[in-house]
There are 2 protein chains.
Amino acid sequence: MVVEAEKGEFPESMIKRTKGVTISQVAEAAGVARSSVSRAFTRPDMLSPETVERIMKAAEALGYVPNHTARALSTGRHGNVGLIVPDIANPFFPPMIQAAQLEADRSDFCIFLGNTEENPKQEDKLVGRFAGQVEGLVLASSRLSDERIRAHAGKLPLVLINRDLDGIPRVLIDSGSGVREAVEHLVKLGHRKIAYVSGPSTSWSNKQRRSAMRAAASGLGVAVETVPAVLPSYNSGRNAVGAILATGATAAVAFDDLTAQGVLAGLAEKRVSVPSDFSLIGCDDVLGAVTYPALTSVSNRSMEAGRVAVSLLLDMLQSRAIRDVRYVLETHLVVRNTTAAAN
Amino acid sequence: MVVEAEKGEFPESMIKRTKGVTISQVAEAAGVARSSVSRAFTRPDMLSPETVERIMKAAEALGYVPNHTARALSTGRHGNVGLIVPDIANPFFPPMIQAAQLEADRSDFCIFLGNTEENPKQEDKLVGRFAGQVEGLVLASSRLSDERIRAHAGKLPLVLINRDLDGIPRVLIDSGSGVREAVEHLVKLGHRKIAYVSGPSTSWSNKQRRSAMRAAASGLGVAVETVPAVLPSYNSGRNAVGAILATGATAAVAFDDLTAQGVLAGLAEKRVSVPSDFSLIGCDDVLGAVTYPALTSVSNRSMEAGRVAVSLLLDMLQSRAIRDVRYVLETHLVVRNTTAAAN
DNA sequence: ACTTGACATGCAACCGGTTGCATGAAACTC
DNA sequence: GAGTTTCATGCAACCGGTTGCATGTCAAGT
């Protein structure tokens, strides 16, 4: 229920905000030209120390604060970068966002956050809306086509996370290494047929994980069956359980922890107990030990990815050059309690 | 490990972005004044339909896109709002952020996200940095003092979430109602002494929950002991377990689910089994059924809060007036498996 | 036919900074 | 002491839009 206490409109005067003190007022107060005030703030070394001090005192007294928008208009630099993620509610992203923000902050940049709801259309729209307000953009786990990404990269500095496009700076979390370890771990436990519960087909991570599965499995002489789950979510995982069991696999690796968690629930419903009857491994290790049994998973490096991506972007902005950087972060298997010997 | 493939600098020409087509170029192409181009985009009804069409065609041909910054400078409206949260990694917030974003999007507003790391200094700094780039701000679970909040509210339109300050529009998730139900539920199960594991002392929600606990308990004639946990996190909860048990309570209500999850882990370590030996209830219901045993919790309305807060803010921006709105969202107890009869 | 309006469009000032160039004074050279 | 360099500061144009007011045109009113 909702209680709304409406006490009526306030008089106009009450909402009058102190509308900005301008550079001109400071200039007049300090008895200098506007340009000197501007310089006092941006390149104080060009002015005599006494002048700078006088200006600063006047500015202080008037409560002057430089107008960001005006500055952006004349310099073309707004000190903002955008970060677009497919699903902020997916626990993979918040740490990344946090790290990105921290890194941006160190250089006095602000972050525009975009959430695409896993929808390429929405992503396109957001990029368009952000362009022109940000100096550069980080696209995390983009669901856009290569062409769209390249098109955008032509318009503003872009850094990708978990998307591997030549010529565009990118930070890749190589879950391949971790997935390989996962497969080896399962094989060592005696599993001969393993299911891979896949994620979004447009996801680079998904392609990567699936092919790492296949490669590792064929190297070890065991079989892999892919079961589609479309969206990385609890429900997708839960709905996939029927198909997983139908493959006859005794173990599964899921595209991510959320999916794995769903699978776990689905298995419990079907009275398949984990890990004694079935082994399960997640990816991204976002759930830590909170599932029951605690989920064996492939570690993620999402914080580091966020930090590095922003750092790369800021470098680009500073140097005004694109370096074809391909920054790879390796991952590892974290063994907990959802894997055991096959029976 | 990190692999960095540096392929060298690209030639300057390659990174030349198509620098904006301006209104002047469109004007020339269409054979009209700049002002007409401007009006074609902002108030087409002022122009003859043919002129509008001609301008639009020229704009299209040149790939003109209005410059957001310039527009913001002359109109004073930048179409951005800020949202500041204490901890984006706390699962309470992502759904709220998501909903806020969705609502902003409906009115073509962009969201600036700020993360304060639960640190009032950082929050102050962020507000300062955002002011001037956003038209208004939503402060969620602010850790600032009343004075600082009022000071900021004097400078730009502000909406609060989970903070109750007279005269400033606010959206409150009334966990009181849910906490009351929680206490009633525990008492009905025979518990006579209940611990409250508190959250941040500057948190409005914490004050509210604690006093709801006290009121409900004294109404029912049972005892409440408060155990401090300082930060709402897994570790805080885990570390609080000793103190909780020392109170002699047979049940506890934790400030939030994260804290509760930590308590759950701490209890397990001490071989206290839940719910047979001890009953536990969380708040915010962010973990759903993923803990083991599935956590009984007080529902949250964070999505709705995010949506409503932004909607309120946009209203303020449109009407240029402050209404003293106090929007209250009630909550309820969701019973799962961490509560049982006292023994 | 002459006034009156309504309407479409242009002109120019403005938003609040930044920056290349000009100027004038002080400091240096020989 | 005249000529040159250096340095601090001011002037004015510019960034790319928006908007109040003036102007000109054309149709309606009488």
Side-chain angles (χ1 to χ4, degrees), chain A residues 17-56 58-59 62-80 108 129 131-135 155-156, chain B residues 17-56 58-59 62-80 108 129 131-135 155-156:
Chain A
R17 318 276 169 197
T18 33
K19 56 168 137 347
V21 179
T22 74
I23 211 173
S24 305
Q25 302 175 35
V26 177
E28 186 171 13
V32 297
R34 299 192 307 148
S35 44
S36 295
V37 178
S38 172
R39 288 182 184 119
F41 281 87
T42 52
R43 285 149 58 191
D45 50 298
M46 282 186 67
L47 266 46
S48 77
E50 309 84 59
T51 310
V52 171
E53 192 187 1
R54 190 151 39 93
I55 292 174
M56 286 311 189
L62 272 65
Y64 169 74
V65 146
N67 180 318
H68 202 90
T69 310
R71 181 176 300 192
L73 179 57
S74 50
T75 60
R77 312 211 46 174
H78 2 38
N80 302 323
D108 280 335
R129 183 162 302 166
Q133 323 203 49
V134 299
E135 293 183 40
K155 298 214 197 91
L156 84 173
Chain B
R17 319 273 170 200
T18 32
K19 55 169 138 347
V21 178
T22 75
I23 212 173
S24 304
Q25 302 175 34
V26 177
E28 185 171 14
V32 297
R34 300 190 308 147
S35 45
S36 294
V37 178
S38 172
R39 291 198 256 260
F41 281 86
T42 53
R43 284 148 60 190
D45 50 299
M46 281 187 67
L47 268 44
S48 76
E50 310 83 58
T51 310
V52 171
E53 190 187 3
R54 190 151 39 93
I55 292 174
M56 287 310 189
L62 272 64
Y64 169 74
V65 145
N67 179 318
H68 201 90
T69 310
R71 180 176 301 188
L73 180 58
S74 51
T75 59
R77 313 211 45 175
H78 6 37
N80 302 323
D108 279 335
R129 183 161 302 166
Q133 322 203 50
V134 300
E135 293 182 41
K155 297 212 198 94
L156 82 173

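Convention: sequence-line order gives letters A, B, ...; per-chain numbering from 1. What you are looking at is a predicted structure, and each value in this text was computed from that prediction instead of being measured.
Among all heavy-atom pairs drawn from A/Gly79 and A/Glu135, the shortest one is N-OE2, 2.6 Å.
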Exercise. Which letters describe nucleotides 23-28 of chain C, given B = protein heavy atom under 4.0 Å from base, S = only from sugar-phosphate, - = neither?
Worked result: ------
Seminar exercise, completed: With B for base contact, S for sugar-phosphate-only contact and - for none (protein heavy atoms under 4.0 Å), nucleotides 18-24 of chain D reads BBB----
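Atom C1' of nucleotide D/dC15 and atom CG of A/Leu73 are separated by 4 Å, given to the nearest angstrom. Whole-Å rounding puts the A/His78 NE2 to D/dG16 P distance at 11 Å. One interatomic measurement links the two molecules: CD1 of B/Ile55 to C1' of C/dA8, which rounds to 11 Å at whole-angstrom precision. Between the CZ atom of A/Arg54 and the C1' atom of D/dA8 there is a distance of 12 Å, given to the nearest Å. Distance CD (A/Glu28) to P (D/dG10): 13 Å, rounded to an integer number of Å.
Comparing the start and finish of the helix from C/dA1-D/dT30 to C/dC30-D/dG1, five pairs each, the helix axis swings through 40°, to the nearest 10 degrees.
Side-chain contact check for B/Ser38 and B/Ser35: no donor-acceptor pair (N or O, by modelled atom type) lies under 3.5 Å.
If you check every strand for non-hydrogen atoms under 4.0 Å, B/Thr51 touches sugar and phosphate atoms only. Heavy atoms of B/Leu47 sit under 4.0 angstrom from primed sugar atoms or phosphate atoms, though from no base atom.
Side-chain contact between B/Val32 and B/Thr51 is present, with at least one heavy-atom pair separated by less than 4.5 Å. Between A/Val26 and A/Ile55 there is a side-chain heavy-atom pair separated by less than 4.5 Å. Between B/Val52 and B/Arg39 the shortest side-chain heavy-atom distance does not fall below 4.5 Å.
A donor-acceptor pair under 3.5 Å is formed between the side chain of B/His68 and the backbone N or O of B/His78. Judged purely by atom type and a 3.5 angstrom limit, B/Arg54 uses its side chain to pair as donor or acceptor with the backbone of B/Ala30.
Summary of the strand contacts: B/Thr22 and A/Val52 both lie near DNA chain D, and taking for each the nucleotide with the nearest heavy atom, the more 5' one is attributed to A/Val52.
The number of heavy-atom neighbours closer than 6.0 Å to CZ of A/Arg77, taken from other residues, nucleotides and ligands shown, is above 12.
Of the inter-residue distances, the one linking B/Arg34 atom CZ with B/Thr22 atom OG1 reads 8.0 Å to the nearest 0.5 angstrom.
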For this session: Kindly determine whether B/Asn80 and B/Gln133 satisfy side chain to side chain donor-acceptor pair (under 3.5 Å), including the steps that lead there.
Result: CA-CA 7 Å; B/Asn80 302 323; B/Gln133 322 203 50; over 6 Å; no
For this session: Step by step, work out the side-chain contact (heavy atoms from CB on, under 4.5 Å) result for A/Val21 and A/Val65.
Result: CA-CA 7 Å; A/Val21 179; A/Val65 146; over 6 Å; no
